[in-house]
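Worksheet for the structure shown next.
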Amino acid sequence: MENGAKRVEEEEEEQVVNPWEVSSKNKIDYDKLIDQFGCQRLDQSFVDRVFRLTGRSPHIFLRRNVFFAHNRDLNEILDAYERGDKFYLYTGRGPSSEALHLGHLIPFMFTKYLQEAFKVPLVIQLTDDEKCMWKNLTVEESKRLARENAKDIIACGFDVSRTFIFSDFDYVGGAFYENMVRVAKCVTYNKAVGIFGFTGEDHIGKISFPPVQAVPSFPSSFPHLFSGNDKLRCLIPCAIDQDPYFRMTRDVAPRLGYKKPALIESSFFPALQGVSGKMNAGDPNSAIYVTDSPKEIKNKVNKYAFSGGQDSVENHRKYGANLEVDIPFKYLSFFLEYDEELEHIRKEYGSGRMLTGEVKKRLIDVLTVLVERHRAARAAVTDEMVDAFMAVRPLPNMFN
């Protein structure tokens with residue numbers, strides 16, 4: 001087990017959820033995570049409020065509770081926005097693989113929606129230094145993967161006039177580093193161990209990393225973007241396993257004179273083999289990658305996607321599918337655009353009138369279209385476009 005394991009245990013099950021590992025003997029208990037991390041569930045009133053403030057139809061990930069949790073400051077950001085005060089978005093990616101899988105795309109798809117809906121700037125951190133330390137990659141390979149992953153992120157459709165993408169190896173220094181030191185001085189070693197579970201076997205690079213991911217939450221870390229606007233609020237869309245970093249950040253922010261960042265957090269996109277963890281970039285058969293061909297998608301779904309259907313057609317017709325563990329249905333709930341069709345599948349498959357093969361076929365169609373669309377967009381991203389997104393420059397349309 002990698003370091004940082006912060007365990008949530010019950011007599012009959014155990015789950016591990018931290019920035020480096022997500023696993024469970026059974027399915028992830030999100031209610032327990034909400035209690036552990038001090039979050040709150042998003043409710044329909046929030047979804048309705050986003051629609052009222054932006055005039056845009058709520059994203060599928062909001063409508064279906066993919067992004068399901070937040071902290072109290074999310075409401076403060078919306079209150080301020082309603083008064084005419086803007087905010088900025090911050091999300092990121094740890095580049096440990098050549099290509100992204102569908103689970104990696106989820107925060108970027110949702111962040112793009114937020115950027116367009118609220119018309120606000122966005123900073124995207126590529127933690128190539130983190131993956132160099134945790135995945136035993138060389139500095140050079142980590143930097144190369146960061147640029148390759150940046151192409152997939154850009155292919156999601158971000159607006160270059162409102163988006164700054166940076167890699168830690170290239171950008172850390174100056175005001176950013178000054179904030180890192182300020183954060184580091186506020187967090188004792190015992191506090192870091194309590195949050196992240198570091199042990200005596202971990203090298204000091206790992207222990208020193210959390211401030212690097214914390215300080216993009218502070219506008220003064222980006223003087224070329226937010227000079228003189230140190231009170232600008234930050235909203236962070238991320239998966240809930242990243243929460244420990246930002247609990248630390250929220251604790252120290254007021255001591256440094258900054259607003260606490262707000263989080264809106266997603267559930268995990270499960271591995272093909274079942275709901276006990278998230279997709280793993282180290283296991284190609286656990287994930288659908290944006291580089292997979294239609295044939296590979298079909299093979300992975302048919303061969304590896306765990307089914308909640310019964311062991312015989314007769315039993316399936318009698319008892320129906322267990323939708324709580326059925327991966328084809330779970331994936332459709334993430335990516336099938338039409339709510340009415342999803343509800344139809346829920347009723348027909350759950351009652352046994354629809355068979356697993358039919359659901360898998362529909363999923364293959366949906367994923368093939370999604371991946372092929374992304375592949376085409378990614379192929380159009382040039383090195384010059386990457387340079388433009390990563391250039392340290394003002395953003396001309398930040399709040400327009």
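Predicted model only: the values in this text are computed from it and were never measured. Below, all heavy atoms of this structure are taken into account, side chains as well, without hydrogens, waters or symmetry copies.
- A donor-acceptor contact closer than 3.5 angstrom links the side chains of Ser45 and Asp43.
- Aromatic rings of Phe269 and Phe335 (six-membered ring for Trp) have centroids within the 6.0 Å cut-off, being under it.
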field: Full working for ring-ring contact (aromatic ring centres under 6.0 Å, His included) between Phe166 and Phe164
entry: CA-CA 7 Å; Phe166 67 98; Phe164 174 52; 5.6 Å; yes
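- Under a hydrophobic-cluster definition in which Ile, Leu, Val, Met, Phe, Trp and Tyr are linked whenever side-chain heavy atoms come within less than 4.5 Å, directly or via other members, Leu100 and Leu137 are assigned to different clusters.
- Taking a cutoff of 4.0 Å between a charged side-chain nitrogen and a carboxylate oxygen, Lys112 and Glu116 qualify as a salt bridge.
- In this structure, the side-chain contact (heavy atoms from CB on, under 4.5 Å) partners of Leu53, at least two apart in sequence or on a different chain, are Arg49, Leu78, Tyr81, Glu82.
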task: Tell me, with the steps shown, if Asp159 and Ser161 meet side chain to side chain donor-acceptor pair (under 3.5 Å).
output: CA-CA 5 Å; Asp159 181 352; Ser161 69; 2.7 Å; yes
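- Glu141 and Lys135 are not joined by a salt bridge, as no carboxylate oxygen comes within less than 4.0 angstrom of a charged side-chain nitrogen.
- Note: Phe209 and Tyr245 have perpendicular aromatic rings, judged against thresholds of 30 and 60 degrees for the angle between ring planes.
- At most 12 heavy atoms of other shown residues, nucleotides or ligands fall within 6.0 angstrom of atom NZ in Lys259.
- Here the side chains of Leu126 and Ile165 are in contact, with some heavy-atom distance below 4.5 Å.
- Heavy-atom neighbours of Tyr319 OH from other residues, nucleotides or ligands within 6.0 Å: at or below the threshold of 12.
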query: Passes side-chain contact (heavy atoms from CB on, under 4.5 Å), Asp241 versus Trp20? Steps please.
result: CA-CA 8 Å; Asp241 60 335; Trp20 307 286; over 6 Å; no
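- In this structure, Phe110 and His59 have perpendicular ring planes: the angle between them is above 60°, well past the 30° mark.
- Grouping the Ile, Leu, Val, Met, Phe, Trp and Tyr side chains by contacts below 4.5 angstrom, directly or via other members, places Ile364 apart from Val369.
- The aromatic ring centroids of Phe61 and Tyr113 lie 6.0 Å or more from each other.
- Between Asn179 and Ser221, the side chains place a donor N or O and an acceptor N or O closer than 3.5 Å (distance only, hydrogens not considered).
- At a threshold of 4.0 Å, the pair Lys143-Glu140 does not count as salt-bridged, since none of the basic side-chain nitrogens sits closer than that to a carboxylate oxygen.
- Thr163 and Gln115 form a side-chain donor-acceptor contact under 3.5 Å, judged by distance and modelled atom types alone.
- When only modelled atom types and interatomic distance are considered, Asp128 and Ser142 share no side-chain donor-acceptor pair under 3.5 Å.
- Using modelled atom types and a 3.5 Å distance limit, the side chains of Tyr90 and Gln125 yield a donor-acceptor pair.
- Side-chain polar atoms of Arg93 and His104 form a donor-acceptor pair below 3.5 angstrom.
- Of the possible polar contacts, none joining the Thr127 side chain to the Asp129 backbone as a donor-acceptor pair under 3.5 Å is found.
- Side-chain contact between Leu102 and Tyr289 is absent, with no heavy atoms from C-beta onward closer than 4.5 Å.
- Using a 3.5 Å distance cut-off with no hydrogens or angles, the side chains of Ser217 and Thr249 do not pair a donor with an acceptor.
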- request: Check the pair Tyr171 / Tyr177 against ring-ring contact (aromatic ring centres under 6.0 Å, His included), numbers first and verdict last.
  value: CA-CA 9 Å; Tyr171 184 73; Tyr177 184 70; over 10 Å; no
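- Annotation: Phe118 is in aromatic contact with Phe87 [ring centroid separation under 6.0 Å].
- Summarising the local packing, NZ of Lys361 is surrounded by 12 or fewer heavy atoms from other residues, nucleotides or ligands at distances under 6.0 Å.
- In terms of hydrophobic clustering, with Ile, Leu, Val, Met, Phe, Trp and Tyr side chains grouped at heavy-atom distances under 4.5 Å, Val215 and Val392 are assigned to a common cluster.
- Within the structure, every pair that satisfies the salt bridge (Lys or Arg N to Asp or Glu O under 4.0 Å) test and touches residues 302-329, not counting sequence neighbours, is listed here: Lys27-Glu324.
- Within 6.0 Å of CG on Asn136 lie no more than 12 heavy atoms contributed by other residues, nucleotides or ligands.
- Hydrophobic clustering (side-chain heavy atoms under 4.5 Å, transitive across Ile, Leu, Val, Met, Phe, Trp, Tyr) groups Leu105 together with Ile297.
- At a threshold of 4.5 Å between non-hydrogen side-chain atoms, the residues Val386 and Val381 count as touching.
- Between the side chains of Gln242 and Glu265, no donor-acceptor pair is found at a separation under 3.5 Å.
- In this structure, Glu98 contributes its side chain and Glu148 its backbone to no donor-acceptor pair below 3.5 Å.
- Counted by atom type alone, Asp170 and Ser167 present one or more donor-acceptor pairs between their side chains at under 3.5 Å.
- Taking the ring centroids of Tyr349 and Phe329, they lie at or beyond the 6.0 Å cut-off.
- Under the 4.5 Å side-chain criterion, counting only non-hydrogen atoms from C-beta, Pro244 is in contact with Pro19.
- Between Arg233 and Asp85 there is no salt bridge, since no side-chain nitrogen of the basic residue lies less than 4.0 Å from a carboxylate oxygen of the acidic one.
- Each of Leu89, Thr111, Val120, Thr91 was scored for a side chain to side chain contact (heavy atoms under 4.5 Å, CB included) with Leu235, with one residue passing: Leu89.
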